2 protein chains.
Amino acid sequence: MADINTALAPAETPARSASEEIRDGVPLVDLVELLFFAYRDFVGDPDEILAPIGFGRAHHRVIHFVNRHPGMRVTDLLEILQITKQSLGRVLRELVDEGFVESRAGAADRRQRLLYPTPKAEALARDFVGIQSRRIARALDACGPGSEETVRRFLLAMIDPEDRAAVERLIQRADRARRARHG
Amino acid sequence: MADINTALAPAETPARSASEEIRDGVPLVDLVELLFFAYRDFVGDPDEILAPIGFGRAHHRVIHFVNRHPGMRVTDLLEILQITKQSLGRVLRELVDEGFVESRAGAADRRQRLLYPTPKAEALARDFVGIQSRRIARALDACGPGSEETVRRFLLAMIDPEDRAAVERLIQRADRARRARHG
DNA sequence: GTGTTTATGTCAGCCATATTGACTTTTTCA
DNA sequence: TGAAAAAGTCAATATGGCTGACATAAACAC
């Protein structure tokens with residue numbers, strides 16, 4: 001198992017793998033671990049809301065994306081979550097059965113099932129985004145002014161390049177729709 | 001289900017929940033989704049390395065932390081991963097059986113089992129950190145100078161306040177040990 | 001129009017990772 | 001000497017994934 005890091009190291013620098021790289025005083029391996037801990041607590045937030053109603057994190061993800069991007073096709077959701085339709089199937093059926101998600105045939109293409117949140121799901125999704133946004137707002141407060149844009153660019157650039165444009169379009173479309181509703 | 005966001009809104013601002021908050025032009029909900037996509041791809045990186053050897057993400061996490069913090073107690077690992085000892089048990093047994101982790105009794109307290117990586121695990125861990133560090137380095141390149149420290153502070157502040165000091169100590173101790181080894 | 005492709009859904013079986021609860025062994029320590 | 005701590009184990013269960021096979025309805029291509 002050859003170490004491709006050392007193999008790629010430029011000749012003029014000392015043999016030092018990317019795992020030992022330090023940038024501006026910050027070892028990158030520290031950021032690897034901090035991202036692990038940050039995400040661990042970030043996804044733990046919705047658990048308090050989910051536990052009483054008997055839903056899990058899979059339900060949280062579906063409710064979030066269906067609420068934020070109403071009218072999304074099943075295929076779109078599969079691509080976002082990167083799971084199989086069989087995996088999504090069970091979760092989605094429960095959400096439809098219990099009145100959190102509505103599935104309507106597409107107007108233009110009636111094969112499609114477009115997914116919409118019910119008022120129950122909208123309330124739940126607001127709570128999810130609320131608790132996670134407050135965590136993010138607190139963290140940005142600790143970073144000084146202008147950090148919002150730095151963090152946004154960092155997270156976007158962390159996404160696989162081939163998916164990045166699609167994610168940007170998805171988010172921009174959702175923001176535009178929200179502005180149209182609320183000003 | 002009362003919306004505690006609006007309940008907490010200061011009187012002088014319009015009634016706008018945290019889920020609609022915009023800071024410096026960046027809607028916080030965008031950061032919620034970007035963090036989801038960023039982490040999705042970030043944890044996908046090690047899969048390429050794991051698949052051929054029949055290990056999963058649970059094995060990755062254990063190998064990473066045992067390698068980065070050698071001599072860690074089982075209890076420490078349980079607290080970091082926030083799983084039960086029964087869950088860890090199976091994964092750890094596999095890693096010990098296949099010669100990736102060594103478990104030695106503590107010198108001072110012989111009840112403790114201190115965990116050490118074998119050379120095999122060290123090589124694997126270097127590859128894990130390498131591939132994830134390269135993703136982070138690429139992302140930092142997209143953020144301009146000084147973003148390293150902003151991102152570090154952001155991620156640290158995302159961690160639950162009661163765990164933050166422990167995480168900082170853990171990372172600082174590992175960095176000191178690494179400097180002692182490599183200069 | 002007929003045939004292929006697409007979007008969706010479903011059945012069946014399986015795997016990885018997590019859980020709770022009960023219990024044991026070894027060792028430390030008051 | 002007895003309680004408490006660190007670790008390990010057995011059993012049963014839940015969740016959230018997976019592959020493979022197959023079905024249906026609608027769109028589309030020729």
Side-chain angles (χ1 to χ4, degrees), chain A residues 36 39-40 43-44 46-66 71-98 101-116, chain B residues 36 39-40 43-44 46-66 71-98 101-116:
Chain A
F36 167 80
Y39 196 79
R40 184 195 67 175
V43 292
D47 289 350
E48 307 160 33
I49 300 166
L50 290 162
I53 55 177
F55 282 162
R57 289 180 180 179
H59 301 87
H60 163 228
R61 290 194 287 273
V62 172
I63 288 176
H64 171 89
F65 283 106
V66 167
M72 171 174 276
R73 292 178 305 157
V74 171
T75 308
D76 298 331
L77 197 45
L78 291 178
E79 269 169 28
I80 285 175
L81 301 178
Q82 289 189 354
I83 57 175
T84 60
K85 65 178 168 174
Q86 294 91 328
S87 297
L88 178 60
R90 182 174 35 86
V91 172
L92 200 50
R93 187 174 344 107
E94 286 169 3
L95 289 172
V96 170
D97 287 351
E98 301 194 33
V101 171
E102 265 184 43
S103 152
R104 306 180 208 148
D109 185 337
R110 292 181 45 223
R111 287 173 305 180
Q112 298 174 347
R113 292 291 175 273
L114 307 186
L115 304 173
Y116 295 89
Chain B
F36 167 80
Y39 195 79
R40 184 194 66 176
V43 292
D47 289 351
E48 308 160 32
I49 300 167
L50 291 162
I53 54 177
F55 282 160
R57 289 180 180 178
H59 302 87
H60 164 228
R61 291 194 288 273
V62 171
I63 288 176
H64 172 90
F65 282 107
V66 168
M72 172 174 274
R73 291 177 307 157
V74 171
T75 308
D76 298 331
L77 197 46
L78 292 178
E79 269 169 28
I80 285 174
L81 301 178
Q82 290 191 353
I83 56 175
T84 60
K85 64 179 168 175
Q86 294 92 327
S87 297
L88 179 59
R90 181 185 43 88
V91 172
L92 201 49
R93 188 176 341 109
E94 287 169 3
L95 289 172
V96 170
D97 287 351
E98 301 195 33
V101 170
E102 264 185 42
S103 152
R104 307 181 208 147
D109 186 336
R110 294 182 43 223
R111 287 173 304 180
Q112 298 174 347
R113 291 292 174 271
L114 306 187
L115 304 173
Y116 295 89

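First the proteins, then the strands, lettered A, B, ... as listed; each starts at 1. Bear in mind the structure is a predicted one, so any value in this text is a computation, not a measurement.
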Checklist line | Backbone of B:Gly106 reached by a side-chain donor or acceptor of B:Asp109 within 3.5 Å | finding: no

Item checked: Atom-pair distance (CD1 on B:Ile83; P on C:dT19), nearest Å -> 6 Å

Item checked: Considering all heavy atoms, the nearest A:Arg40-B:Ile80 contact -> NH1-O, 2.8 Å

Checklist line | Separation of D:dA7 P from B:Asp76 CG (nearest whole Å) | finding: 8 Å

Check: Using a cut-off of less than 4.0 Å, is there contact between a side-chain N or O of A:Ser87 and OP1 or OP2 of D:dC18?
Finding: yes

Item checked: 5' precedence on DNA chain D between A:Arg90 and B:Gln112 (nearest-nucleotide basis) -> B:Gln112

Check: Are any non-hydrogen side-chain atoms of B:His60 and B:Asp47 less than 4.5 angstrom apart?
Finding: no

Next item on the list: Measure from CG on B:Leu92 to P on D:dA7 and round the result to the nearest Å.
Entry: 10 Å

Item checked: Qualifying residues under ring pair (Phe, Tyr, Trp, His ring centres under 6.0 Å), relative to B:Tyr39, sequence neighbours excluded -> A:Tyr39, B:Phe42

Margin query: Is the positively charged end of B:Arg104 above the ring of B:Tyr116, judged by distance under 6.0 angstrom from the centroid and angle within 45° of the axis?
Written below: yes

Next item on the list: Give the rounded distance in Å between these two atoms: CE of A:Met72 and C1' of C:dA7.
Entry: 16 Å

Checklist line | Nucleotide D:dT15, atom C1' - distance to CZ of B:Arg57 in whole Å | finding: 16 Å

Next item on the list: Calculate the interatomic distance between B:Asp47 atom CG and D:dC18 atom C1'; express it in whole Å.
Entry: 13 Å

Next item on the list: If a protein heavy atom is under 4.0 Å from the base, mark B; if only from the sugar-phosphate, S; if neither, -; do that for nucleotides 22-30 of chain D going 5' to 3'.
Entry: ----BS---

Item checked: A:Glu102 side chain reached by A:Val96 side chain, heavy atoms, under 4.5 Å -> no

Margin query: Both A:His59 and A:Gln86 contact DNA chain D. Which one's nearest nucleotide lies toward the 5' end?
Written below: A:His59

Notebook entry, point to check: Are any of B:Arg61's side-chain N or O atoms less than 4.0 Å away from OP1 or OP2 of C:dA18?
Noted result: yes

Next item on the list: Tell me which of A:Leu114 and B:Gln82 sits closer to the 5' end of DNA chain C, going by the nucleotide each one is nearest to.
Entry: A:Leu114

Margin query: Looking at B:Arg93 and B:Leu88, would you say the former's side chain and the latter's main chain have a donor-acceptor pair under 3.5 Å?
Written below: no

Margin query: For a quick check of understanding: with a heavy-atom distance under 4.0 Å over all strands, which category does B:Gly89 fall into, base, sugar-phosphate or nothing?
Written below: nothing

Note to self: Is B:Thr84 close enough to C:dT19 that one of its side-chain N or O atoms is under 4.0 Å from OP1 or OP2 there?
What the structure shows: yes

Notebook entry, point to check: Between C:dT26 atom C1' and B:Arg73 atom CZ, what is the distance in whole Å?
Noted result: 16 Å

Checklist line | Whole-Å distance separating the CZ atom of A:Arg113 from the C1' atom of C:dT10 | finding: 14 Å

